[in-house]
Number of protein chains: 2
Amino acid sequence: MIKHRAIRDALLGRIVSGEWAPGRVIPGEVDLAREFGCTRATVARALRELVAAGLVERRRRGGTRVLGRSGRDAVVTIPIVREEIEAAGHAYGYERLTVREADPPEPIRQAFGLRPGAAAVHVACLHRADGRPAQVEDRWINAAAVPAVRTQDFRTVSPNEWLVRAVPYTRARHEFRAERPTDRLRGLLDLAPDEWVFVVERRTWREDAGITVAHLYNPADRFRITTRDPVAFGVDPGAG
Amino acid sequence: MIKHRAIRDALLGRIVSGEWAPGRVIPGEVDLAREFGCTRATVARALRELVAAGLVERRRRGGTRVLGRSGRDAVVTIPIVREEIEAAGHAYGYERLTVREADPPEPIRQAFGLRPGAAAVHVACLHRADGRPAQVEDRWINAAAVPAVRTQDFRTVSPNEWLVRAVPYTRARHEFRAERPTDRLRGLLDLAPDEWVFVVERRTWREDAGITVAHLYNPADRFRITTRDPVAFGVDPGAG
DNA sequence: CAGCGTAATATGTATAAGCATATTGTCCAG
DNA sequence: CTGGACAATATGCTTATACATATTACGCTG
């Protein structure tokens, strides 16, 4: 019985049913307010949510127009190995392979916006599920942006978990692809002879400073990523 | 100089700077209203946006609490082959391989919620970039939910493009994974001897009725998916 | 008829005020 | 000391009102 939500859902219904087709200008706030027996403010709030959901577009004097939903956006939750492994009921195992402070390769250097010669920290580690290799994490961390990284040996805590606690970030980008494994990866991940790896590349920034570039290598035979719909109306979508 | 936006950004700053750490309960609406020299309603609107952005959580009597941003959500735009190919400056080519009305395999039948024996339409087709195979599309369409599909031969218009025009959907789910190609796929896509395929599986529903299940097979050597950050504050984020 | 200025209009922002409702904390009874 | 009733409190919802602002439409002028 929450009015703005009832109104929002009623309008949503008219849009998805096709009664109000894309391109159409829907009635104005005052008309809707009269129809639903409420004030303009309440209608405005319902419409604001439809805007946030990407269903309509509003312009002063121009009115509210239904958008043709491209509908191609989806949300992915970037999986964290440890959580995935534990959620599946397996024992999580962590092993640090190498840590070193070094001159990062060119692409990483550019991503961090560092001058040549500036140092960064490289960490490689292995995540296991019930002892079986599940993921190789290969990561560069910008020592200029995260000085504390120099004092970390990552022997017991994985770079991933350390970073989320120690360094807030403001932007992240990911790339998903499949690759031929290197011999080293094939051995570490115990891959089938012809098996490829599913790579998740993760880059994060704090403001404009690059923080980390990670390559997460997963056995392609036992890895996948799933999406869900973009949440249309925030946390509590009501009955809609 | 829009107050609710200025307030929202001010609060955002305190959160991302760490001044208000995750778990902390921030001042109440009345206090903030006094601080910013406005009414409770204006503060409430700013806070509502922070909730939508997933930065804070609000509970009656409990106050407003800063959330530790897991920050693992990202948005993917499911690529449409034709657009990708044309955007890359290549000539797009389309070729229908097969169409038939048939009893769908068990997993598809379940996804559509169909009784055994109910019919569905299967379409396979090939998308090319400058003549070179770029994607094989293998799709089942629920004939019960989309009767018009029976009259389509998909000779010139791809099932994808026909569907977006003909059938609005309300839900979609995707899965990304890498697979060994079948011999048929290897031939169709002109794959390297050891090359795998990157599979995008797409399922859509209208309300509770399954509409289509599509498998989009891409040469793994030349395919990837990228994400972007979830838009924090809708279309017009202001200065934030 | 082209171009410009102005009025009409729909949304955008904000205030003030009241009641609703979930939740927490407290205090009393057993 | 436990459990339940109750009051205090912060958010949640709605109304009524006023002014701001972008944009469109119209009509006047040259």
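Quick note on labels: first sequence line is chain A, next is B, and so on, each numbered from 1. Since the model is a prediction, treat every value here as computed from it, not as a measurement.
For the pair A:Arg58 CZ and C:dT9 P, the computed distance is 18 Å after rounding to whole Å. The distance from atom CG of B:Leu50 to atom C1' of D:dT11 is 15 Å, rounded to the nearest whole Å. In this structure, B:Phe36 places its CZ atom 13 Å from P of C:dT15, rounding to the nearest Å. In this structure, A:Met1 places its CE atom 11 Å from C1' of D:dT14, rounding to the nearest Å. Regarding B:Leu47, its CG atom lies at a distance of 7 Å from the P atom of D:dT11, rounded to whole Å. The nearest whole Å value for the distance from the CZ atom in A:Arg5 to the C1' atom in D:dT14 is 14 Å. Spacing between atom CZ of A:Arg48 and atom P of D:dC13 amounts to 12 Å, rounded to whole angstrom units. Atom P of nucleotide D:dT11 and atom CD of B:Glu49 are separated by 17 Å, given to the nearest angstrom.
Other residues, nucleotides and ligands place more than 12 heavy atoms under 6.0 Å from the CZ atom of B:Arg48. Within 6.0 Å of CZ on A:Arg132 lie no more than 12 heavy atoms contributed by other residues, nucleotides or ligands.
Checked by atom type, the side-chain pair B:His90/B:Asp130 shows a donor-acceptor distance below 3.5 Å.
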Next on the checklist: Pair B:Asp73, A:Arg228 - check side-chain contact (heavy atoms from CB on, under 4.5 Å), show working.
Outcome noted: CA-CA 10 Å; B:Asp73 278 358; A:Arg228 60 181 193 280; 2.8 Å; yes
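At the phosphate of C:dT15, OP1 or OP2 sits under 4.0 Å from a side-chain N or O atom of B:Thr42. Side-chain nitrogen and oxygen atoms of B:Thr64 include at least one within less than 4.0 Å of the OP1 or OP2 phosphate oxygen of D:dT11.
Electrostatic pairing of A:Glu57 and A:Arg59 does not count as a salt bridge here, judged by no charged N lying under 4.0 Å from a carboxylate O. Between A:Arg5 and A:Glu49 no salt bridge is recorded (no basic side-chain N to carboxylate O distance below 4.0 Å).
Legend: residues meeting ring-ring contact (aromatic ring centres under 6.0 Å, His included) with A:Phe198, ordered by chain and number and at least two apart, are A:Phe223, B:Phe198.
Within residues 23-35 of chain B, the residues having any heavy atom closer than 4.0 Å to DNA chain D are, in order of number, B:Gly28, B:Glu29.
Considering only the side chain of A:Arg45, D:dC13 comes nearest among D:dC13, C:dT13, C:dA16. The side chain of B:Lys3 approaches C:dT15 more closely than any other nucleotide in the set C:dT11, D:dC13, C:dT15.
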Checklist outcome for this item: Protein heavy-atom contacts under 4.0 Å, written 5' to 3' over nucleotides 19-27 of chain C as B (base), S (sugar-phosphate only) or - (none), form the string --BBBB---
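Heavy atoms only, all atoms of each residue included: A:Leu67 and A:Gly54 are closest at CD1-O, 3.7 Å.
Here A:Ala41 lies in heavy-atom contact (under 4.0 Å) with a base.
Between A:Asp153 and A:Arg96, some side-chain heavy-atom pair lies under the 4.5 Å cut-off.
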